[in-house]
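Report on one structure; see the data block that follows.
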Amino acid sequence: MPSNAVNKREQLTEALKQRILILDGAMGTMIQEHKLEEQDYRGERFKDWHVLIKGNNDLLSLTQPKIIADIHRAYLNAGADIIETNTFNATTISMEDYDMANLSREINLESAKLARSVCDEFEAKDPSKPRYVAGVLGPTSKTCSISPDVNDPGYRNISFDKLVTAYVESTLALMEGGVDLILIETIFDTLNAKAASFAVEEAFEQAGRTLPVMISGTITDASGRTLSGQTTEAFYNSIRHIKPLSIGLNCALGPDLLRQYVEELSRVCETFTSVHPNAGLPNEFGEYDLEAPEMAEEIIDWGKSGFINIVGGCCGTTPAHIKAFAKGLAGVKPRPLPELEVRMRLSGLEACNLN
């Protein structure tokens with residue numbers, strides 16, 4: 001493993017023991033502010049593409065790299081320690097929606113290079129504050145453990161092996177592009193997360209080096225469960241064997257509704273915790289109304305309650321939100337890692353912890 005990678009890993013781990021680290025906010029929300037049209041997404045290279053591609057935000061790393069770089073800069077200026085690559089839907093599986101599966105590797109590679117260059121730019125200005133790039137692996141547009149056909153419960157539109165193949169390709173490209181860690185996020189199906197984590201380990205073996213891994217699941221509604229039916233603790237038990245740097249929750253809910261699940265995760269989790277919630281629930285226009293000061297109040301309370309180690313924002317959040325989080329959490333001690341009783345921790349839809 002290159003010495004700089006080892007140093008970054010040690011640096012990141014030490015920083016997490018000293019303070020709450022700030023993750024960036026929503027990429028999609030910031031892209032929407034540019035009001036891009038079909039021709040903006042296409043650029044010159046894809047001007048004659050045979051299907052509509054408006055909404056393919058990951059493609060903008062190729063066709064509008066300045067916009068993506070400026071969004072990264074805005075979040076770093078707001079106080080983010082970690083920025084996410086613009087690769088949430090960049091797997092071959094999700095890119096199939098635009099008939100662009102063959103571009104998956106290039107998009108992951110260029111997105112990672114873009115984020116890396118912006119972080120390096122900020123570190124050059126202020127070497128005392130390291131900036132980290134999280135290579136994002138999204139959940140894909142398909143689910144491995146739930147049938148999309150109500151008339152055929154046994155049907156699956158994706159296999160575990162196909163997910164693994166897609167995630168390996170994306171991970172290797174992100175690593176080549178210079179990311180500091182891998183973030184498996186917005187996991188609504190734990191089997192997808194297991195495929196992603198298996199693929200990441202396979203990519204590490206192929207690359208001959210490892211990176212820290214963050215895993216973040218999604219509680220989809222007030223039931224307190226993921227889409228595939230697991231409670232927070234059951235989800236944690238399902239993936240704890242991976243021994244990631246952090247396990248967290250993101251998306252779907254605003255901070256008020258997510259609080260009880262953040263507290264629960266903090267109680268059961270042996271690793272660092274991460275959270276990046278939405279700016280409330282979407283209104284009738286699909287927009288998010290929770291302003292930065294109001295959202296920061298909840299986030300700061302999480303910090304003071306000892307729930308979090310890494311915090312940022314998901315849908316609807318902007319640099320203003322991240323700036324408010326960073327300012328409000330400055331000086332707040334991070335959650336200490338608990339010493340939990342050694343038990344056999346199993347799970348189905350519920351957790352099953354045996355002495």
Side-chain angles (χ1 to χ4, degrees), residues 24-78 80 82-122 131 133-142 165-180 182-183 185-186 285-288 313-319 322:
D24 62 6
M27 175 62 74
T29 298
M30 296 299 290
I31 288 173
Q32 287 172 12
E33 291 187 1
H34 289 270
K35 302 187 186 307
L36 302 177
E37 298 298 336
E38 179 72 20
Q39 62 268 26
D40 300 309
Y41 278 86
R42 288 174 175 265
E44 182 62 26
R45 178 175 172 183
F46 301 102
K47 66 180 182 179
D48 297 322
W49 198 253
H50 55 283
V51 298
L52 296 176
I53 56 177
K54 181 180 178 181
N56 187 354
N57 289 344
D58 304 66
L59 185 67
L60 296 175
S61 293
L62 304 184
T63 59
Q64 301 287 347
K66 184 180 184 302
I67 288 176
I68 303 303
D70 285 345
I71 292 171
H72 289 324
R73 290 188 183 97
Y75 281 121
L76 290 173
N77 276 321
I82 305 169
I83 61 169
E84 303 168 68
T85 55
N86 181 39
T87 53
F88 185 80
N89 286 308
T91 56
T92 54
I93 294 164
S94 293
M95 280 292 148
E96 285 173 357
D97 294 345
Y98 302 97
D99 203 13
M100 289 183 163
N102 65 322
L103 293 172
S104 173
R105 183 185 182 281
E106 182 183 0
I107 292 171
N108 280 281
L109 178 62
E110 294 305 316
S111 295
K113 286 181 177 179
L114 200 58
R116 174 81 275 148
S117 66
V118 175
C119 276
D120 290 347
E121 172 190 317
F122 273 73
R131 313 298 177 104
V133 178
V136 170
L137 298 175
T140 81
S141 53
K142 298 182 180 179
T165 299
Y167 280 130
V168 166
E169 179 181 83
S170 291
T171 303
L172 287 171
L174 290 168
M175 293 177 73
E176 185 180 339
V179 302
D180 299 304
I182 299 296
L183 170 56
E185 71 159 318
T186 320
F285 302 107
E287 298 172 342
Y288 296 84
C314 205
C315 304
T317 58
T318 66
I322 300 308

Please examine the side chains of K54 and L36, heavy atoms only from C-beta on, and report whether any two atoms are closer than 4.5 Å.
no
How close do L103 and R45 get, heavy atom to heavy atom, and via which atoms?
CD2-NH2, 3.5 Å
Is there a side-chain contact between V136 and E185, using heavy atoms and a 4.5 Å cut-off?
yes
Can you list every salt bridge (Lys or Arg N to Asp or Glu O under 4.0 Å) pair that touches residues 24-34, not counting sequence neighbours?
none
Can you find a pair of side-chain heavy atoms, one from N89 and one from N56, that are under 4.5 Å apart?
no
From T140 atom OG1 to M95 atom CE, the distance as rounded to the nearest 0.5 Å
12.0 Å
Below 4.5 Å, heavy atoms only, C-beta onward: do L137 and L183 meet side chain to side chain?
no
Does S111 use its side chain to pair, donor to acceptor, with the backbone of N108 at less than 3.5 Å?
no
Which residues share a salt bridge (Lys or Arg N to Asp or Glu O under 4.0 Å) with E96, sequence neighbours left out
K142, K162
Going by side chain to side chain donor-acceptor pair (under 3.5 Å), name the residues that satisfy it together with T87, two or more places apart in sequence or in a different chain.
T85
Keeping to residues at least two apart or across chains, list the ring-ring contact (aromatic ring centres under 6.0 Å, His included) pairs with something in residues 47-73.
F46-W49
Derivation and outcome, side-chain contact (heavy atoms from CB on, under 4.5 Å), residues Y41 and I31:
CA-CA 11 Å; Y41 278 86; I31 288 173; 3.9 Å; yes
I'd like to check the side chain to side chain contact (heavy atoms under 4.5 Å, CB included) partners of C119; sequence neighbours left out, ordered by chain and number.
L76, I83, R116, R131, V133
The criterion is side chain to side chain contact (heavy atoms under 4.5 Å, CB included); which residues satisfy it with D97, sequence neighbours excluded?
S141
Is it the case that the side chain of Q64 and the backbone of D40 share a donor-acceptor pair, with hydrogens and angles ignored and the cut-off at 3.5 Å?
yes
Can any side-chain N or O of N86 pair as donor or acceptor with the backbone N or O of N57 at less than 3.5 Å?
yes
What pairs with D70 under side chain to side chain contact (heavy atoms under 4.5 Å, CB included), at least two apart in sequence or on another chain?
K66, R73
With sequence neighbours left out, what residues match E287 under side chain to side chain donor-acceptor pair (under 3.5 Å)?
none
Please report the interatomic distance CG(L174) to CG(D180), rounded to the nearest 0.5 Å.
11.5 Å
Which atom names give the shortest non-hydrogen contact between A90 and S170, and what distance separates them?
O-OG, 4.0 Å
Heavy-atom closest pair, residues C314 and A26:
O-CB, 3.2 Å
Which residues pass the side chain to side chain donor-acceptor pair (under 3.5 Å) test with T92, not counting sequence neighbours?
none
Does T317 reach the side chain of T29, with side-chain heavy atoms less than 4.5 Å apart?
no
Taking side chain to side chain contact (heavy atoms under 4.5 Å, CB included) as the definition, give me every residue that meets it alongside K113, ordered by chain and number, with sequence neighbours left out.
L109, E110
To the nearest 0.5 Å, what is the distance between CE on M100 and CG on L59?
4.5 Å
From NE2 (H34) to CD1 (I68), nearest 0.5 Å:
7.5 Å
Are the side chains of N77 and F122 in touch, meaning some heavy atoms are under 4.5 Å apart?
yes
Side chains of Y75 and M30: does their closest heavy-atom pair fall under 4.5 Å?
yes
Of all the heavy-atom pairs spanning I322 and G313, show the shortest one and how long it is.
CD1-N, 3.8 Å
What ring-ring contact (aromatic ring centres under 6.0 Å, His included) pairs are there with at least one residue in residues 88-107, not counting sequence neighbours?
none
By side chain to side chain donor-acceptor pair (under 3.5 Å) - contacts of T63 (at least two apart):
none
Find the distance between CD (E169) and CZ (R105) and round it off to the nearest 0.5 Å.
7.5 Å
Under the 3.5 angstrom rule, does the side chain of S104 hit a backbone N or O of A101 as a donor-acceptor pair?
no
